[in-house]
There are 2 protein chains.
Amino acid sequence: MAKAKRTLKWQRDPEGMRLRILEAAKQEFSAHGLAGARVDRIAAKAGANKRMLYYHVGNKDELYLAVLEGAYDKIRSEERGLDLEHLDPPEAIRRLIEFTWNYFLRNPEFLSLLQTENLARAKHLKKSTKVKSMHSPFVEMIRTVVRRGVDSGDFQVAVDPVQLYISIAGLCFFYLSNSATLSVIFGRDLLDKKAKDERLAHMVGLVLAALTGQSFALFEIAKAPKPRTAMVQPV
Amino acid sequence: MAKAKRTLKWQRDPEGMRLRILEAAKQEFSAHGLAGARVDRIAAKAGANKRMLYYHVGNKDELYLAVLEGAYDKIRSEERGLDLEHLDPPEAIRRLIEFTWNYFLRNPEFLSLLQTENLARAKHLKKSTKVKSMHSPFVEMIRTVVRRGVDSGDFQVAVDPVQLYISIAGLCFFYLSNSATLSVIFGRDLLDKKAKDERLAHMVGLVLAALTGQSFALFEIAKAPKPRTAMVQPV
DNA sequence: ACAGTATTTATCCAACGGGTTAATTTCTCC
DNA sequence: GGAGAAATTAACCCGTTGGATAAATACTGT
């Protein structure tokens, strides 16, 4: 009877624990905001003791900042893989829009975290040293696409790449992050499949029509496999 | 000495009190979100005792919903005065964009309240009976403008008015509601006068170019009587 | 001027929440 | 096989917070 205790009461796994804590914290913060998040719930969700949060990451604010930095890190690193250089400019913009849209759809917590941080007027993000540096390559990528488009005659105007990116992100972001209230006030479900397809088509049409000067309607087919035919022929 | 007490210890003003409470609550909720808002701070800001909130409005959640309903009420009533029917369609769209932009600039708490409510997935708004009914007139107003534009040949395509409004609101909303984080990651102050002017010009250009098929640059000067002096950024 | 009601104040409290302390269990390396 | 370090748990601390109670103060009609 004395030796029955050979079942381990817990495993040691500091690295996995840290990841589980950050994942649980991401869910909690995005679901409830910073003030609404509960440290106890994060611990429970991570399958951990509350003390672990402080041991592995720090207090609530540090935990929050770590989650936020991780979120930015993830999207920027995916964006780096977009490889817009090898597409002709209208296709590159289309891909950027589709990527942004799908990323936001796949990562709703990212939207919530941004909302939360902006509610706090970026108070925490300002303290981060990591995040500030990672964005200029992305802007340069877009600037290059725009310049190529102007040179080739595809685009009519050399828009500021930051404005363009903010517009694209805004078109996607607002629709999704505010879909709850918009669905209520407009009395439509904005998140069913049909609505989402229509939205993507609308955004692509809006941006590409504005940049190229060609008809809005030409771009309205989302993810068209053979874009080239549709895009050059004026109606 | 017995009669020195003829200074009133407090005034009776139930209506004013209610308004001050709602105003203070609006500020508090928009600054800190629902969970982060403090009932005591609202009371202090309203120059009232905490008990007054419960007496005049209700508990924290009811207070929050009252604030939210008031915010929607205000913007929709201002929109009703836009009078887009008497403008030719491109001018009507320009005015709608400029109104939305300026309204958001003048009422930053409205943006915060929407963010907060969407973080809660519109849980409270769904309970509101007042809000749901007030939006179809607005959509019809936009639909009429679009139809007139298509009929007159000014617009190339009959966009869904809800999509169009969400796009316009999104272009304005995202820039402003996320200006804090965007300013950090792009290393620019997005809220100084020059940046705001550029943003408005960009949005007007984008939307009107897409709708009319004319050059983006033609619209880039806000409210310009003479559009031809296009502002084009160096590439 | 007095009774009854509406409005406001002063206190209180039970639950909760972030954070800490100290003890317990596992791992590592000798 | 044991000592010391790393990881984890359990239990507690204490200020805060939303909400409640009861008393005080102003107003109203009669």
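What you are looking at is a predicted structure, and each value in this text was computed from that prediction instead of being measured.
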Rounded to whole Å, how long is the line connecting atom [atom1] of [X] with atom [atom2] of [N]?
{"X": "B:Leu63", "N": "D:dT17", "atom1": "CG", "atom2": "P", "result": "16 Å"}
{"X": "B:His32", "N": "D:dT17", "atom1": "NE2", "atom2": "C1'", "result": "15 Å"}
{"X": "B:Tyr55", "N": "D:dG19", "atom1": "OH", "atom2": "C1'", "result": "17 Å"}
{"X": "A:Asp40", "N": "C:dG19", "atom1": "CG", "atom2": "C1'", "result": "10 Å"}

Proximity to the side chain of B:Asn59 - top-ranked nucleotide from D:dG19, C:dT8, C:dG18: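 Per side-chain heavy atoms of B:Asn59, the pick is D:dG19.
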Within the structure shown, what part of the strands sits under 4.0 Å from A:Ala37 by heavy-atom distance: base, sugar-phosphate, or nothing? sugar-phosphate
Using a 3.5 Å cut-off and no angle test, enumerate the donor-acceptor pairs between side-chain atoms of residues 31-44 of chain B and protein atoms at least two apart in sequence or in another chain.
| unit_1 | atom_1 | unit_2 | atom_2 | d |
| --- | --- | --- | --- | --- |
| B:Arg38 | NH1 | B:Ala35 | O | 3.0 |
| B:Arg41 | NE | B:Glu28 | OE1 | 3.3 |
| B:Arg41 | NE | B:Glu28 | OE2 | 2.7 |
| B:Arg41 | NH2 | B:Glu28 | OE2 | 2.8 |
| B:Arg41 | NH2 | B:Gly36 | O | 3.3 |

Establish, with yes or no, whether the OP1 or OP2 oxygen of C:dC16 is under 4.0 angstrom from a side-chain nitrogen or oxygen of A:Arg38. no
Any B:His56 side-chain N or O less than 4.0 Å from OP1/OP2 of C:dA6: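 Answer is no, no contact under 4.0 Å.
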In chain order, what residues pass the ring pair (Phe, Tyr, Trp, His ring centres under 6.0 Å) check against A:Phe186, with sequence neighbours excluded?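 So A:Phe186 forms no ring pair (Phe, Tyr, Trp, His ring centres under 6.0 Å) with any residue.
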Residue list, ring pair (Phe, Tyr, Trp, His ring centres under 6.0 Å) with B:His124, at least two apart or on another chain: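 Testing B:His124 for ring pair (Phe, Tyr, Trp, His ring centres under 6.0 Å), a comparison that skips the adjacent residues, returns B:Tyr64.
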My understanding is that only residues two or more places apart in sequence, or in another chain, count here; which of them pass side chain to side chain contact (heavy atoms under 4.5 Å, CB included) with B:Glu62? B:Asn59
Are there over 12 heavy-atom neighbours, none belonging to A:Lys123, within less than 6.0 Å of that residue's NZ?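 Atom NZ in A:Lys123 is not packed in, count stays at 12 or less.
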Is the closest basic N to carboxylate O distance between B:Glu23 and B:Lys26 below 4.0 Å?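 Here B:Glu23 pairs with B:Lys26 in a salt bridge, since their nearest N and O are under 4.0 Å apart.
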Tell me whether B:Arg188 is salt-bridged to A:Asp160, with the criterion being a basic N under 4.0 Å from an acidic carboxylate O.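 A:Asp160 and B:Arg188: salt-bridged.
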May I ask you to list the residues of residues 42-54 of chain A, by number, that have any heavy atom positioned under 4.0 Å from an atom of DNA chain C? A:Lys50, A:Arg51, A:Tyr54
Which of residues 116-123 of chain B sit near DNA chain C, with a heavy atom under 4.0 Å from it? none
Keeping A:Arg95 on the side-chain end and A:Leu84 on the backbone end, is there a donor-acceptor pair under 3.5 Å?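 No.
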Between A:Leu111 and B:Asn118, is there a side-chain heavy-atom distance shorter than 4.5 Å?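 Side-chain contact under 4.5 Å: no.
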